[in-house]
Structures are given as structure tokens and as C-alpha cells.
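Per chain, numbering begins at 1; letters A, B, ... match sequence-line order.
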Amino acid sequence: MSTTTAVQTAHHRSDGVRFEREPLVLGNPTLHDITAKIASIAEDKPTPKYLLALSFTAAIAAWGVGCILYTILTGIGVWGLNNPIGWGWDITNFVFWIGIGHAGTLISAILFLFRQKWRTAINRSAEAMTIFAVICAGLFPLIHVGRIWFAYWLIPYPNQMQMWTNFRSPLEWDVFAVSTYLTVSLIFWFLGMVPDLATLRDVVKNKVAKRLYGFFSLGWSGSMRHWHHYEMAYLILAGLSTPLVLSVHSVVSLDFTAGILPGWHTTIFPPYFVAGAIFSGFAMVMTLLVITREVLDLKELITMKHLENMNKIILATGMMVGYAYAMEFFIAQYSGNPYEAFVFINRATGDYAWAYWTMVLCNVVSPQVFWSRRLRRNIPVMFIVSILVNIGMWFERFTIIATSLHHDFLPASWGYYTPTWVEVSIFAGTIGIFLTLFLLFAKYIPVIAIAEVKAILPDAQPQHSHHGVEAPSHQVEQSTSV
Amino acid sequence: MEQRPVATVAEFRDVNALVAAARAVYERGYTRFDCYTPYPVHGLDRAMGVRRTILPYISFLGGVTGLASALLLQWWTGGYDYRLNIGGKPFFAVQFSVPIDFELTVLLCAFFTLFGLLGLCKLPMWWHPLQGDASFRRATDDTFVVAIFSDDPRYTIKDTEELLRSMGGTNVHVHTASADPSTTLQSVTT
């Protein structure tokens, strides 16, 4: 297995010209090399750099949690919300974080259904990111309700008032959508991890680690009879997550569209939000993976090909988002509704024009560099663009929320909104929580889907396998010579 | 205590040989055997004569349960138990129930899939009759393992070992245990 050269899937054209595909795993590792590589990340003592980074992010998280407690104890008067602008940074952050989560499910579910094998190196970390992002997102509506100790009222349960939740409200749909998304993502992530945890259970030396991996791997043995059920379960969950990922941000967008506010009340929102969510999610995956592959030395598993593919998706979804901005603007004028038209002119030229143009520059202009193959494969460029997209997508949500609210039908009630230090701190805190969880994950949980990567190595599958995968060319040569 | 054979274990390095061996074992009429692999090997389940999993039916049942409970929940609470007029909207309508119908369908389907899988695989299992075996332990790393359990009606130490050796198995050996394993073996091969 180790002696063969890196296999590339070859495509033959009728005129005999051969195009070689870039290999998905570089350096031609054996099965054991992959186990050893991932296990060493979990087994090695944490480096001082890692501990420093962890304590830094944990400190930010702690500061954010402190500010959340301050808000809860004092009331949301400590935020900058005012009469026309009742949704500010909190809901912006909620939508932002929910959006970040989408790339994980897209990579793990949709690319799985499309048989995109390159996903195997990045799906685990992207799914982890989904879960951490949804946790951060979930915080905001909970503290926004003001009296968090009554947050359980969001759930229908028999009570002494004999009242039920209002299922006609998109806000109630959101409760179901977000909690289902979190639960199903967790199940998908955990199930995908069970065989890898079993691998770690069997290789790590540390007794405590062995016990923990043993507990969470549920006694997985690698039995083919189990794999048979397992593969079906994975396929079903991928099939479930695919419409789910499209539904979550659609339902989030209904929170806005069901209102009659100009700027919110548009039918384009669900697909527009979903495209934006995938766009921002991929940008966040990119930001984290560029760092992760460098720090954990995973360049042979997370290759330039993976990064380039993600950049292509960022470019494509960026164009969709750009199209949505343009179309929103056009329809606002074309509708003949003066309020609608005013909101969009106001967005581009009014008090919040700075936010609008930041959004356009970051989301529409910056990804255009990816038309160039050279720039698509340039680490500093993709890192900077991914950060810009993260910023741009935050501003998109802020623009939608704040500009629509600050000038509504009655000029007498117009206002302006600036966040207080508490809101800024809470947002920074969620970034801290997110990064802390990601750092812990990257160290102690198999950061690459070990079993999935092994299954796509050259020679990993029998030659007579008829799963729509063309047999690598050298295998055919081998079999004729044997 | 007397050492009794648990299973005959063979290692394979090449995935094609593994599939051929599994097929041979199945075609010889063995029923209590299993292959342990670090990743799912395509076609191996068919070679072993594994019947198609019933998991999709379990998942479907979950989906139907989810959909039914979502409709019932929304109709019973809003349209029957406590009718609350909010903006003159209908107390219950299929249209507005769609998002929650969808979410609960997906949610219960996912739960049924997860627990269905665990049930079908009899997991979590904190013990395995082969867990002391060095070959078996490497099966989650880089070794393909075929094990034929001693409670198979066709099992004889000599013939089974010969079969596995003739199919290219290396390090063919009998894994033994002191206790009578026949009662617990049931759980790993069905």
C-alpha cells in the first residue's frame, strides 16, 4: 500500500489527452501513518503556544460571559437599543453566528450526497464549527428576551395558565428550527466521530484518555456488519441535514419577512439568507483551516486543492449574494412602493451608508480576486479575503436590521442606534467562546475524519467495487501485470 | 480454568484478498464470522452475505412519528385546547404548520436513525469477546481482520484455520478465553 505512488484519478479525452486530478492526500501515507498523525495531535503535551492561545481566547470568553451576567442582572437597558431600533447587535450576532454554522452542514451533508471526496479532510472541523457557532447564536435570543429565567416559555409545555406557544409566529418556528439544527448537527458530528474515537481508544497510551475515548466510542469494533448499518445511517443523516440546512436560515429570514417593515418584507429573503450563510460559513472555515493546517502540520491532509475548492465556493456564493443585493435594490424601485424604495436609497446613502458600503466591498468586491487561479491558491490572499467576508457578512445582517428599523413609516419616530460597550463585549465574548471550543476540539478530538480519509487512499477499496468510482489507472495496470 | 477457543482470527493486508476471503468464508457456509476493518470496505458486506439493513424503515417510522406529532401538537394546542385569536389568523392551518412539521419530522427521523443504528449494532457495548486479541485491536488502525467464531456449527480448529490460511490470511491464530463464551458470542455475530 505504501509503495505505490500517489494515485490520481485520470480522465481520458477522446483525443487521448490525459488530465490528472490532484491527489486528495499528499505524501502517500499508509493507513497507520494517518492514525499516528491524528493520534499524535491528541497525545502530545499541549505546547506553551497552544496554552497561551487557549488562555487568551478563554479570557475573552470569560469577559463576554461576565457582560452577559451584567446584562441579565441589570436588564437589557445596558444595551443601546431604543424605540425604533429594538433589534441591534444581539439579533445581528444571532443571524451572523447561525450563518457561520451553515458551511459545516453543507460540507458534511450536501457535498457527501454529491460524492465530493475532497470533503473528507475538512468535514470534521467544519461540523465542529457549526455546533460551536450555533451555541454562540443560541445565546443571543435567550439574553435578548430580557428575562432569561422565563426562556422555557418558548417551548410548548402544559402549565397552570393553560396557555400554549403561538405556532403562527415565525419566532416560534425559529425556536424549533434552531434547536433541531443544533441537535441534528450534534448527532451527525458525533456519529461520524465514533469510529475515529475508537481508533484513538486503541492507540493512545494515557489511561484517562483511553477511558474517555473508550466511553465515547461506544465500543465500536470496526465490524463490517456494523459498518453496513453505519453507512446507511450516515447517508440518511446526510439526506436529512441537506434540507435542514436550507430550512434553518430560511426560517431565520422569516423572522424578518413576516413583519411588514419595508426592507424586511421581501420574498427574496430565504434563498438570499441561505446563500449568504453558506458564503460566511465557508469564509469562517477558511479562516480557521488556514491556521489549523499550519499549526497542527496537516498540510498533507488539508491540501491546496481543498482550499482552492473552498475558494471557488466562496466566489460562487459571493456572486449569489451580490446578485441578491442588486435584485433587492431593483425590486424596491420596480415595486412602485415609495416606502420600500426609500429604505433602499436610504441604505446606500443615509446614516448607515458606511455599513452598507463596507458590506458591498467585503462581500461582493473582495471575493472577485478568486477568479485568478494564482490568487485562489495564495494563502495570505485567501486568509485576508476570508476575514473580509466574515466582516462583510456581519455588516450585511447589521444593515438589514438597523437600516430598516431606524427610518420606518413615521419620520417622528426615526432614530439612530449605537451599541454600548456591553454589546460589543458580548459579541467579542462569543468569538472567544467559539475559538476556545474550537481550540479544545482541535487538540482533543480527531480533527480529521480518520476513517473517511483512509477510505479514499489509493488501494483502499477493492478493484471490483462498482460504486461509480473509476478505478485508479495504476490499479488496472497492476492487475493486468499480476 | 480451561481455555476454550473463542474464534479463529486472521489478518489481511490487502483489501482484495480480504474480500475474497470473506466471500470464501461465506460460501463455505459459515454464519458466525465477521470482518473488522479500519474503514468501510465497499462490497465487503455483500461478499459476507450481509443482508440489506432495515435502518431506512426505522428512520421512516421516525419521520412519520415526527410529522404526526407536529401536526397533532399544533392542531390540538392552538385549534382545540386553547383557541387564542391573534390578528384574526386561523387557529390551525396546514400552511403555517409547515415549518414545525418539517423540523419535527427531521428531528425524530434523526433520533430514530441514531438509536436504530445503536440498536441494530447492539451498541454501546463495553466488552467484546475479541478485545484481548492484538490483531483485533489493530483493526481500528491499519489491519483487516477476519474472525470466525467457535460457536459456528461448521467451526473446527483445523479446517477453519486452513481455510483462512489458504485465502492469504497471515498470523492465523485461535483466540482463547477461560470462560465459556458461547452465550456472549451471540451478540457480536447476529
Side-chain angles (χ1 to χ4, degrees), chain A residues 1 30-32 35 156 162-170 172-173 176-177 180 183-184 187-188 191 195 198-199 201-203 214 218-233 236-237 240 243-244 247 251 254 450-452 454-455 459-467, chain B residues 13-16 18-19 22 34-45 48 50 53 55-56 59 73-74 77-78 81-82 84 86-87 89 96-97 99-100 102-104 106-107 109-111 113-114 116-118 120-121 123-128 130 136-142 188-189:
Chain A
M1 209 157 298
T30 62
L31 294 177
H32 179 72
T35 310
Q162 301 189 14
M163 284 177 69
W164 296 100
T165 51
N166 178 16
F167 289 111
R168 285 158 283 188
S169 163
E172 182 63 13
W173 303 345
F176 279 78
T180 300
T183 315
V184 175
I187 292 175
F188 201 21
L191 208 58
T199 301
R201 169 199 70 200
D202 291 343
V203 290
L218 310 176
W220 182 263
S221 62
S223 156
M224 193 59 215
R225 293 174 196 277
H226 291 180
W227 278 121
H228 175 72
H229 297 303
Y230 177 90
E231 285 203 289
M232 181 55 81
I236 292 171
L237 285 173
L240 286 176
L244 185 65
S247 84
V251 171
L254 296 179
I450 305 175
E452 287 191 43
K454 283 177 181 170
D459 290 354
Q461 297 299 347
Q463 282 169 26
H464 53 75
S465 149
H466 299 292
H467 283 265
Chain B
R13 284 281 155 179
D14 178 62
V15 71
N16 293 302
L18 167 76
V19 175
D34 207 343
C35 301
Y36 300 95
T37 58
Y39 56 86
V41 176
H42 291 165
L44 180 60
D45 39 3
M48 288 166 65
V50 175
T53 171
L55 189 62
S59 305
L73 173 74
Q74 294 177 85
T77 57
D81 185 50
Y82 197 128
L84 209 52
I86 295 173
K89 292 177 197 159
F96 78 65
S97 79
I100 289 176
F102 173 79
E103 300 299 340
L104 284 190
V106 167
L107 185 67
C109 198
F111 272 124
T113 307
L114 173 68
L117 172 72
L118 295 181
L120 288 172
C121 295
L123 295 175
M125 183 162 67
W126 310 120
W127 178 86
H128 195 283
L130 292 177
F136 173 75
R137 276 211 304 264
R138 276 205 303 280
T140 54
D141 178 9
D142 63 348
V188 288
T189 47

**Student:** Should A:Val184 and B:Val106 count as side-chain neighbours, where that means a heavy-atom distance under 4.5 Å?
**Tutor:** yes
**Student:** Using a cut-off of under 4.5 Å for heavy-atom pairs, which of B:Val50, B:Leu18, B:Leu118 has the most such pairs with chain A?
**Tutor:** B:Val50
**Student:** Who wins among B:Gly78, B:Gly87, B:Cys109 for the most heavy-atom pairs under 4.5 Å with chain A?
**Tutor:**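 Answer, by heavy-atom pair count under 4.5 Å with chain A: B:Cys109.
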**Student:** Any chance you could measure B:Glu103, atom CD, to A:Trp173, atom CH2, to the nearest 0.5 Å?
**Tutor:**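 If I round to the nearest 0.5 Å, the distance is 11.0 Å.
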**Student:** Where does A:Pro170 contact chain B at under 4.5 Å (heavy atoms): side chain, backbone, both or neither?
**Tutor:** neither
**Student:** Keeping A:Tyr230 on the side-chain end and B:Cys121 on the backbone end, is there a donor-acceptor pair under 3.5 Å?
**Tutor:**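 Not a single qualifying donor-acceptor pair exists.
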**Student:** With a 4.5 Å limit on heavy-atom distance, are the side chains of B:Val15 and A:Asp459 in contact?
**Tutor:** no
**Student:** Please round to the nearest 0.5 Å and tell me the distance separating atom CG of B:Leu123 and atom OG of A:Ser221.
**Tutor:**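 One gets 7.5 Å once the value is rounded to the nearest 0.5 Å.
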**Student:** Nearest 0.5 Å, please: how far is CE in A:Met163 from OH in B:Tyr82?
**Tutor:**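 Answer for the OH-CE pair, B:Tyr82 versus A:Met163, is 5.5 Å.
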**Student:** Within the 4.5 Å heavy-atom criterion, are B:Tyr39 and A:Glu452 side-chain neighbours or not?
**Tutor:**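 They are not in side-chain contact.
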**Student:** Search all heavy atoms of A:Ile236 against all heavy atoms of B:Pro56 and return the closest pair with its distance.
**Tutor:** CD1-CA, 3.8 Å
**Student:** How long is the straight-line distance from CZ of B:Phe102 back to OG of A:Ser247, given to the nearest 0.5 Å?
**Tutor:**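 Result: 4.0 Å between the selected atoms.
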**Student:** Within the side chain of B:His42, is there an N or O that forms a donor-acceptor pair under 3.5 Å with the backbone of A:Pro462?
**Tutor:** no
**Student:** If I measure from the heavy atoms of chain B, does A:Gln162 come under 4.5 Å with its side chain, its backbone, both, or neither?
**Tutor:**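 For A:Gln162, backbone and side chain are both near chain B.
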**Student:** Does A:Lys454 use its side chain to pair, donor to acceptor, with the backbone of B:Asp141 at less than 3.5 Å?
**Tutor:**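 Yes; at least one donor-acceptor contact below 3.5 Å.
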**Student:** For A:Leu240, is it the side chain, the backbone, both or neither that has a heavy atom under 4.5 Å from a heavy atom of chain B?
**Tutor:**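 Looking at A:Leu240, backbone and side chain both touch chain B.
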**Student:** Is A:Pro156 in contact with chain B via its backbone, its side chain, both, or neither, using a 4.5 Å heavy-atom distance?
**Tutor:**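 Side chain of A:Pro156 only, per the 4.5 Å heavy-atom cut-off to chain B.
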**Student:** If you look at every heavy atom in A:Arg168 and B:Lys89, which pair is closest and at what distance?
**Tutor:** NH1-O, 3.4 Å
**Student:** Carefully, step by step, assess A:Leu31 and B:Arg13 under the rule side chain to side chain contact (heavy atoms under 4.5 Å, CB included).
**Tutor:** CA-CA 11 Å; A:Leu31 294 177; B:Arg13 284 281 155 179; over 6 Å; no
**Student:** Where the side chain of A:Gln461 meets the backbone of B:Pro40, is there a donor-acceptor pair that is under 3.5 Å apart?
**Tutor:** yes
**Student:** Looking at CZ of B:Arg138 and CG of A:Asp202, how far apart are the two atoms once the value is rounded to the nearest 0.5 Å?
**Tutor:**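 Rounded to the nearest 0.5 Å, the CZ-CG separation comes to 11.0 Å.
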**Student:** Tell me, for B:Leu117 versus chain A, whether the close heavy atoms (under 4.5 Å) come from the side chain, the backbone, both or neither.
**Tutor:**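 Answer is side chain: those atoms of B:Leu117 sit under 4.5 Å from chain A.
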**Student:** Can you see whether A:His228 engages B:Thr53 through a side-chain donor-acceptor pair at a distance of less than 3.5 angstrom?
**Tutor:** no
**Student:** Verify the distance criterion only: is there a donor paired with an acceptor across the side chains of B:Asp45 and A:Trp227 at less than 3.5 Å?
**Tutor:**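 Short answer, no.
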**Student:** Would you confirm whether B:Thr77, through its side chain, and A:Trp164, through its main-chain N or O, come within 3.5 Å as a donor-acceptor pair?
**Tutor:**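 It does not hold such a pair.
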**Student:** Please rank A:Leu254, A:Leu244, A:Val251 by heavy-atom pairs under 4.5 Å with chain B and give me the top one.
**Tutor:** A:Leu244
**Student:** Taking all atoms of both residues into account, what is the closest heavy-atom pair of A:Ala451 and B:Pro38, and its distance?
**Tutor:** CB-O, 3.6 Å
**Student:** Tell me the closest heavy-atom pair linking A:Ala198 and B:Thr140, and the distance in Å.
**Tutor:** O-OG1, 4.0 Å
**Student:** If you measure from CZ on A:Arg225 to CG on B:Asp34, what distance do you get to the nearest 0.5 Å?
**Tutor:** 5.0 Å
**Student:** Do A:Thr183 and B:Phe111 pass the side chain to side chain contact (heavy atoms under 4.5 Å, CB included) test, and can you show the C-alpha distance, the side-chain angles, and the key distance before you say yes or no?
**Tutor:** CA-CA 9 Å; A:Thr183 315; B:Phe111 272 124; 3.6 Å; yes
**Student:** Taking A:Thr35, A:Thr180, A:Leu237, A:Asn166 one by one, which has the highest count of heavy-atom pairs under 4.5 Å against chain B?
**Tutor:** A:Thr180
**Student:** Are A:His229 and B:Thr113 close enough that some pair of their side-chain heavy atoms sits under 4.5 Å apart?
**Tutor:** no
